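All values below come from the heavy atoms of this structure, side chains included, with hydrogens, waters and symmetry mates left out. Note that the coordinates shown come from a computational prediction; the quantities given were computed from them, not determined experimentally.
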Amino acid sequence: MLTAVGRQVIAFFAYFGQTTQLHVDNLRGLLTGKLEYRTTISQMAHIGVSSLPIAAVTMVFSGMVIGYHAAIQASKFGGGGYVGWLVAEIMCRELGPVLVCFVIAAEAGSAMAAELGTMKVTEQIDALRTMATNPVDYLVLPRYVACLVMVPLLVFVGDIIGVTGGYFMAVLSPYISHVVYFSSIPGNLEAWTVIAGILKSVVFGLIIAIVACHQGLTCGQASEEVARATTRSVVYSIMLIYGANLLLTIILFPPG
Amino acid sequence: MSKVPEPIIEVNNLWYRTGDADILANVSFEVQRGEIFGVMGMSGAGKTTLLRLLMRLVDPDEGDIIIAGESIMGLSETQLSRIRANIGMCFQYSALFDSMTVAENVAFGLRRGSKLSEEELRRKIAEHLEIVGMHDTEEKMPSELSGGMRKRVGIARALILNPDIMLYDEPTAGLDPIMASVIDNLIVRLRDEFGMTSVVVTHEVDELMSISDRIMMLYQGRITACGSPAALQQSDNPYVQQFVHGTAHGPIQL
Ligand SMILES: Nc1ncnc2c1ncn2[C@@H]1O[C@H](COP(=O)(O)OP(=O)(O)OP(=O)(O)O)[C@@H](O)[C@H]1O
Ligand SMILES: [Mg+2]
């Protein structure tokens, strides 16, 4: 029993060590100019194309339900003039970063794990090494940088889509005017709130890229291992995003 | 002064284990520069593992590997790049990059390692595809090729970098007899014309007998015999006899 727990603890620290190492290798590659621009741009396009549609759907529907609830509740207190602002706060602080990153982990992250895992199983990664190409520089770094750029961008777009979704439901209420929904936002929503949400998503983006690429690179030698690595990359990313989100929320939005 | 043969690959007391199984046990041998060194053995004997160790794609548990006078055991991945640049590897299952065309596969190492113009590059790709009988397949994707065709593209991809040493893992498995002899002739020609050293892994006994200068036989991760093809043919070692003659009866248990 104790040894089983001990093994889990060791496995956890080994995982933490390996992913941190991958992170360090990426930064070293970046600083020593190993970034391949063409691959990075195609990865960026890939992340955008694969994740934007589902992210948009996710955000528009979340915005709609939040807008609906907010409109009903706020109208009771005569606060109909603040519904737009309330939805925007919720989107920028929490739902935008977290939900969009879940979508990216499930869409783009799983694709990265599957692609690198397949390359591992079919010895393409070994073939890279025989041709004097470092797999981390060649495969992981472009994905890492692509996530670093695209994830915050998608989150920002997601925030806007969420607020717009809220609008469609909120204006169904007779107490909320079309104009006031949006005009309540600029004066009340602080720039820092938006920035802090984006900063969170930068960290989530790094988590997605590192977790997915690590799963791919350490994939076992059988094809069912690819499926397992892919699933694990999504589950681990989401769990780590939960944890990181709590920590970052406390740091970025201190009480008082 | 007589010419002392110069070993380009030296392997000393190599052990490789997974779990508690010895995949390779105390393997030591030398390959001379300009030699075709055959490695034969049954499926699971550890042939592929040996090639992967020579490239240090995996690390041995014990032992030393010396390439061109330099031990590769203590080298970092970056330092290994320098050694690997002189070694070409043809993988058992080709390991072509499946997101790239045939031409991009073949050009991969050159594009990254040298500053050739696109024109020169195209000419070299065509030339090397021609050598392995794969002309006019530049724009095909690996998924459109048969196993034997992929294997030949894999050989072209390694050869184009003009390495000193080529490691072939089952280069002719899955090829028709005509194409197989084209590849065999190629390996011999590369030795004769360019003094290239080759390590050829296969379980095709006849093929090895005809092209190799020396042959090593592995059985369950150990060296059973090593010598010239003629010596192996006449060996009274019952394992070698059974393998060379391909009989079901003998000391080799299935
Ligand atoms: N990653 C691994 N994990 C565990 N065992 C392995 C691994 N790779 C190879 N082996 C074992 O090592 C032994 C040798 O494998 P290897 O691939 O070197 O054989 P081989 O001689 O190339 O066989 P074949 O002719 O079928 O290609 C086999 O018994 C195999 O089960
Ligand atoms: Mg093999």
Side-chain angles (χ1 to χ4, degrees), chain A residues 18 21-22 24-29 31-43 45-46 50 111-143 146 213 216-223 225-226, chain B residues 18 48-49 51-59 75-100 104-114 142-143 147 150-151 153-163 165-169:
Chain A
Q18 286 172 13
Q21 180 65 48
L22 193 54
V24 170
D25 289 347
N26 271 309
L27 292 178
R28 187 189 305 123
L31 293 176
T32 52
K34 297 281 167 52
L35 184 64
E36 312 240 347
Y37 294 96
R38 257 195 337 167
T39 338
T40 309
I41 288 170
S42 86
Q43 280 301 319
H46 181 259
S50 69
M112 287 177 198
E115 192 182 358
L116 298 202
T118 306
M119 290 186 74
K120 176 81 189 300
V121 170
T122 55
E123 295 184 304
Q124 292 176 57
I125 293 195
D126 288 325
L128 282 176
R129 295 168 67 201
T130 66
M131 286 185 282
T133 300
N134 182 336
V136 173
D137 291 342
Y138 184 72
L139 295 172
V140 182
L141 187 54
R143 287 164 174 76
C213 292
L217 290 181
T218 57
C219 176
Q221 283 301 338
S223 47
E225 294 282 343
V226 177
Chain B
T18 56
T48 298
T49 307
L51 291 191
R52 293 171 61 80
L53 283 161
L54 290 180
M55 267 283 188
R56 244 195 84 196
L57 293 174
V58 287
D59 291 331
L75 300 185
S76 71
E77 190 76 9
T78 318
Q79 293 168 315
L80 275 173
S81 296
R82 183 170 43 82
I83 304 284
R84 288 175 181 151
N86 293 322
I87 312 178
M89 178 144 176
C90 150
F91 286 82
Q92 187 168 5
Y93 303 104
S94 313
L96 297 186
F97 303 123
D98 49 24
S99 60
M100 300 180 195
E104 286 166 341
N105 264 284
V106 174
F108 186 87
L110 273 188
R111 269 226 173 89
R112 300 177 65 76
S114 67
S143 56
R150 287 173 190 220
K151 181 145 273 172
V153 173
I155 295 175
R157 178 176 73 176
L159 277 182
I160 202 170
L161 293 169
N162 200 15
I165 306 172
M166 272 292 289
L167 309 177
Y168 299 92
D169 199 348

Residues B:E77, A:R129: salt bridge by 4.0 Å N-O rule: yes
Whether A:R143 side chain and A:C213 backbone form a donor-acceptor pair below 3.5 Å: no
Residues of residues 118-126 of chain A with any heavy atom under 4.5 Å of a heavy atom in chain B: A:M119, A:T122, A:E123, A:Q124, A:D126
Test side chain to side chain contact (heavy atoms under 4.5 Å, CB included) applied to A:H46 and A:M112, step by step: CA-CA 10 Å; A:H46 181 259; A:M112 287 177 198; over 6 Å; no
Shortest non-hydrogen contact from A:T130 toward B:M55: CB-CE, 3.8 Å
Heavy-atom check, side chain of A:T40 versus side chain of A:L141, under 4.5 Å: no
Side chain / backbone / both / neither for B:R52 at chain A, heavy atoms under 4.5 Å: side chain
B:L167 versus chain A, the contacting section by heavy-atom distance below 4.5 Å: neither
Side chain / backbone / both / neither for B:L161 at chain A, heavy atoms under 4.5 Å: side chain
Carboxylate-amine/guanidinium contact B:E104 B:R157, below 4.0 Å: no
Residues forming a ring pair (Phe, Tyr, Trp, His ring centres under 6.0 Å) with B:F108, sequence neighbours excluded: A:Y138, B:F97
